[in-house]
A.B. asks: 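Below is the structure I would like to discuss, written out as structure tokens.
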2 protein chains.
Amino acid sequence: MRDNLTERSKQILEAIIEDYIVTAEPVGSRTVSRQHGLNLSPATVRNVMADLEEMGFLASPHTSAGRVPTDKAYRLYVDSLLGVRKVAREEREEIRKHCSLTGKDIGEVLHETSRMLSSVSHYMGIVVAPRFAADVLRHLEFVKLGGRRILVILVSQSGAVQNKIVETTDDFSSEELVRMSNYLNELVAGLTIAQVRSRLLEELENAKTRYDALLSKALRLSQQSLPDKDSEVFLEGQSNILELPEFADVGRMKEIFRAFEEKGQLVSLLDQCLGAQGINIFIGAESRLSQMAGLSVITSTYMTGRNTLGVLGVIGPTRMGYAKVIPIVDYTAKMVSRLLEME
Amino acid sequence: MRDNLTERSKQILEAIIEDYIVTAEPVGSRTVSRQHGLNLSPATVRNVMADLEEMGFLASPHTSAGRVPTDKAYRLYVDSLLGVRKVAREEREEIRKHCSLTGKDIGEVLHETSRMLSSVSHYMGIVVAPRFAADVLRHLEFVKLGGRRILVILVSQSGAVQNKIVETTDDFSSEELVRMSNYLNELVAGLTIAQVRSRLLEELENAKTRYDALLSKALRLSQQSLPDKDSEVFLEGQSNILELPEFADVGRMKEIFRAFEEKGQLVSLLDQCLGAQGINIFIGAESRLSQMAGLSVITSTYMTGRNTLGVLGVIGPTRMGYAKVIPIVDYTAKMVSRLLEME
DNA sequence: TATTAGCACTCACCATTTCCGAGTGCTAAT
DNA sequence: ATTAGCACTCGGAAATGGTGAGTGCTAATA
């Protein structure tokens, strides 16, 4: 038996995967031969299964258990076996009805999206907020707080807001602050936050401004508030995966929760998807993170125009209901994109 | 034996509690008689223990196990047995070094505080952000986003920022938006957000503004953006409690995580502490929440001047290291208060 | 009278054993 | 090429028995 699979073995593999997805139990030859249309005796199925195991698509936990699909099997499954399904009507409803902007801020919208993804998929929903630094600065404002504290507010094109408190040595008047922000708004109009950063540096060197004390202070002030915080991640529905039998073991559980508490790794994993547009799937150990063993991630990017903003998706067990979840993620990404469109 | 405890039985109870706090194992009479200064035979200790059990301070999991302190025992312990300790030097260090404001926003500061509480205490840290509505509005601003979308930015006295996207039917020019915000800033100067709300309504009725289309639109616009979101909660260190032996059971685990995913209940529990200044302790079932069985909460309020802002604290098992954690929470609350002071 | 030693008893916990059946791989028959 | 038949494997549940920490009671002791 060569490495290319016959039609039949594909069908059997698919049957095993689909059975395992719902039962989470090793699948035996009887089961396959019985429930699925293909009329084959258990013995025949066993032969095929032995081949599939040799090719690395199946594994047996021990001699007298059934077979379990490997990551390789899931990969094949999502790449070629899986028929593309549409989003079910109720799911579509639930996604749609959550889409509204008025009265919320961007963060809230993304947070809710993550919650929605988790509740529709019954796994974990994850949304990575746009990198602020990559966005175009729309508006900048200084607000005087008590004492020597100044609040710097940055608004990006897409409506994201960042604010930072800065403590100054000088005591600026409100009028000075207004003048400063007018000056700066003009200086940086239309630049991305990242560009603003270098623009400020340039300007600091500039002979003209060097002799205007107020302006150069303004430059310094805004510079202090530019360091970007790490991108926000919204991860919801962690309790959903507590229900899964494969994580009933407390040790495994701990490991996963520890991993998710440190959002950084998660971000760098999902950042890899930023480049590739559309649906992206990591199965189990494919991502190099050992903590992801047994977990799969389905992501898609959301964007305005041709500008990719961020990544959203669902994290579940490798035996996730791909056929159902993939369309959900896809549809959600599209809806969020449309929602954030600021023509 | 009447309900008032002799000095000796108090000592024994204390010994049992403290032993149980570190071991998480039922404490037997041998153990008590051996390690603690009071020279008593196991038999004597047993007699006392039997009394304490009858009085409801101890419970036996089963005949041949030691005794376990009840919630009532912990209550007595924190109220009268426990000597007030100071914060250890290293802990104080760790708390202090985290206290800085520059380059962060309020949310970030509180989030970090929660993380810090969890890492210092080794339980969960929790911080409830100030109710925005109770704070005085400092500044209000409209920023035009693409299309018919307007971003409303509200800045409170204490430096908290809320922003909301509002979709309008009219297409305002930037100049109009500036005029509108000037008008409104003047109108609501010095009022709390809650007061602003009613002030806006009043003004909408007002004859003067009724005939100025722009102004009345401004009023409606800002009104739309006032509905407060539920107060933010920062809960960190959930994985810490995964380590605790009493939650090794998966069922218990699930329950707790489910409870914490729904932050609402947590908030309403902690809101009860807003009134009472200073340290506040809930032990196990004292809070009416069934999910809190086995958990205790130590909280304190943080404030600027005599204005209570919010609540922060630590959530741990009932057998928490009270002697260590209480001072930590107390000290942290003071530091955060000082940090947010905006003279 | 308060404390303590002694002792019989209880019961969770651990390790061991036993048993069962689902599932396999092989071989021979179709 | 497929399938029936069969011996074999091995995890997991249930039954068994021993161990020891801990108890409550009683009688001796200071």
Side-chain angles (χ1 to χ4, degrees), chain A residues 1-2 4-13 15-17 19-20 23-70 245-246 248-250, chain B residues 1-2 4-13 15-17 19-20 22-55 57-70 245-246 248-250:
Chain A
M1 180 86 54
R2 254 157 269 98
N4 55 9
L5 297 158
T6 69
E7 196 50 41
R8 198 178 63 179
S9 35
K10 279 190 199 167
Q11 282 182 331
I12 290 179
L13 181 56
I16 294 175
I17 293 178
D19 195 276
Y20 188 70
T23 64
E25 299 284 322
V27 185
S29 51
R30 303 183 58 78
T31 325
V32 177
S33 99
R34 220 175 326 145
Q35 67 196 26
H36 289 276
L38 26 98
N39 275 10
L40 294 172
S41 77
T44 316
V45 175
R46 275 206 290 282
N47 288 330
V48 179
M49 282 166 103
D51 295 341
L52 286 169
E53 178 161 8
E54 203 169 354
M55 286 187 272
F57 291 109
L58 293 177
S60 9
H62 56 87
T63 355
S64 79
R67 305 299 217 289
V68 162
T70 61
E246 50 262 69
D249 156 54
V250 187
Chain B
M1 179 83 56
R2 254 156 271 101
N4 53 12
L5 297 158
T6 69
E7 195 52 40
R8 197 179 62 180
S9 34
K10 280 189 198 166
Q11 284 182 330
I12 290 179
L13 183 56
I16 294 175
I17 293 177
D19 194 278
Y20 187 69
V22 322
T23 63
E25 299 284 321
V27 186
S29 52
R30 303 182 58 79
T31 324
V32 178
S33 100
R34 220 177 325 145
Q35 67 195 25
H36 289 275
L38 23 97
N39 274 9
L40 294 172
S41 76
T44 317
V45 175
R46 275 206 290 283
N47 288 330
V48 180
M49 282 166 101
D51 295 342
L52 286 170
E53 177 161 10
E54 204 169 353
M55 286 187 273
F57 290 110
L58 293 178
S60 7
H62 58 86
T63 359
S64 80
R67 305 299 218 290
V68 163
T70 62
E246 49 262 70
D249 156 54
V250 187

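Protein chains get the first letters and strands the later ones, always in sequence-line order, with residue 1 at the start of each. Just so you know, these numbers use all the heavy atoms, side chains as well, and skip hydrogens, waters and symmetry mates.
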A.B. asks: Rounded to whole Å, how long is the line connecting atom CG of B:Asp51 with atom C1' of C:dT3?
C.D. replies: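 Whole-Å distance recorded here is 14 Å.
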
A.B. asks: What's B:Ser60 touching, base or sugar-phosphate or nothing? Going by heavy atoms closer than 4.0 Å.
C.D. replies: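 Counting heavy atoms under 4.0 Å across all strands, no contact is made by B:Ser60.
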
A.B. asks: What N/O pairs connect the protein and nucleotides 13-22 of chain C at under 3.5 Å? Give each pair on its own line.
C.D. replies:
none

A.B. asks: Can you sort out the partners of B:Glu25 under salt bridge (charged side-chain N to carboxylate O under 4.0 Å, His left out), two or more places apart, ordered by chain and number?
C.D. replies: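 For B:Glu25, no residue satisfies salt bridge (charged side-chain N to carboxylate O under 4.0 Å, His left out) once neighbours in sequence are set aside.
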
A.B. asks: Taking side chain to side chain contact (heavy atoms under 4.5 Å, CB included) as the test, write out the residues that go with A:Ala59, two or more places apart.
C.D. replies: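 With neighbours one apart ignored, the set is A:Thr70.
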
A.B. asks: For A:Ala24, give me all partners under side chain to side chain contact (heavy atoms under 4.5 Å, CB included), at least two apart in sequence or on another chain.
C.D. replies: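 Per chain and number, A:Ala24 pairs via side chain to side chain contact (heavy atoms under 4.5 Å, CB included) with A:Pro245, A:Glu246, A:Arg319.
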
A.B. asks: Given pairs defined as Watson-Crick or G-U wobble with both distances under 3.5 Å, what dot-bracket annotation applies to DNA chain C, with ( ) intrastrand, [ ] crossing, | other strand and . unpaired?
C.D. replies: ||||||||||||||||||||||||||||||

A.B. asks: With sequence neighbours excluded, tell me which residues meet side chain to side chain contact (heavy atoms under 4.5 Å, CB included) with B:Ala248.
C.D. replies: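 So B:Ala248 forms no side chain to side chain contact (heavy atoms under 4.5 Å, CB included) with any residue.
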
A.B. asks: To check you understand the geometry: which heavy-atom pair defines the closest contact between A:Leu52 and A:Ser9, and what is its length?
C.D. replies: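 For A:Leu52 versus A:Ser9, the nearest heavy atoms are CD1-O, 4.0 Å.
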
A.B. asks: What distance do B:Ile17 atom CD1 and B:Phe57 atom CZ have between them, rounded to the nearest 0.5 Å?
C.D. replies: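 Output value for this atom pair is 9.0 Å.
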
A.B. asks: Using the heavy-atom set of chain A and a strict 4.0 Å cut-off, write down the first and last nucleotide of DNA chain D that makes it in, 5' to 3'.
C.D. replies: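 For DNA chain D, the relevant span reads D:dT2 to D:dG11.
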
A.B. asks: Return the value, rounded to whole Å, for the distance between atom CZ of A:Arg34 and atom C1' of C:dG23.
C.D. replies: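 Answer to the nearest Å: 12 Å.
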
A.B. asks: A:Glu53 or B:Pro42: which one's nearest nucleotide on DNA chain C is closer to the 5' end?
C.D. replies: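 Its nucleotide being nearer the 5' end, the pick is B:Pro42.
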
A.B. asks: Which whole-number value in Å describes the distance from A:Asp19 CG to C:dG23 C1'?
C.D. replies: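 So the two atoms are 14 Å apart, to the nearest Å.
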
A.B. asks: For A:Ser41, give me all partners under side-chain hydrogen bond (donor to acceptor under 3.5 Å, both in side chains), at least two apart in sequence or on another chain.
C.D. replies: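 In terms of side-chain hydrogen bond (donor to acceptor under 3.5 Å, both in side chains), with neighbours along the sequence ignored, A:Ser41 is linked to A:Thr44.
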
A.B. asks: Output all residues satisfying side chain to side chain contact (heavy atoms under 4.5 Å, CB included) with B:Ser60, sequence neighbours left out; order by chain, then residue number.
C.D. replies: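 Testing B:Ser60 for side chain to side chain contact (heavy atoms under 4.5 Å, CB included), a comparison that skips the adjacent residues, returns B:Glu53, B:Arg67.
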
A.B. asks: Where do A:Leu58 and A:Met49 come nearest, in terms of heavy atoms and distance?
C.D. replies: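 In this case the closest contact between A:Leu58 and A:Met49 is CD1-O, 4.0 Å.
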
A.B. asks: Among all residues two or more places apart in sequence or in another chain, which pass the side-chain hydrogen bond (donor to acceptor under 3.5 Å, both in side chains) test with B:Thr63?
C.D. replies: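 With sequence neighbours excluded, B:Thr63 shows a side-chain hydrogen bond (donor to acceptor under 3.5 Å, both in side chains) to no residue whatsoever.
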
A.B. asks: Might you point out which heavy atoms bring B:Pro26 and B:Gly66 nearest each other, and give the distance in Å?
C.D. replies: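 Answer, listing the atom of B:Pro26 first, then B:Gly66: CB-N, 3.6 Å.
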
A.B. asks: Does B:Ser41 put a side-chain nitrogen or oxygen below 4.0 Å from OP1 or OP2 of C:dT3?
C.D. replies: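 Indeed not, no polar side-chain atom of B:Ser41 lies that close.
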
A.B. asks: Need to verify one output field. Residue with the more 5' nearest nucleotide on DNA chain C, A:Asn47 or B:Ala43?
C.D. replies: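 Looking at the nearest nucleotide for each, B:Ala43 comes out on the 5' side.
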
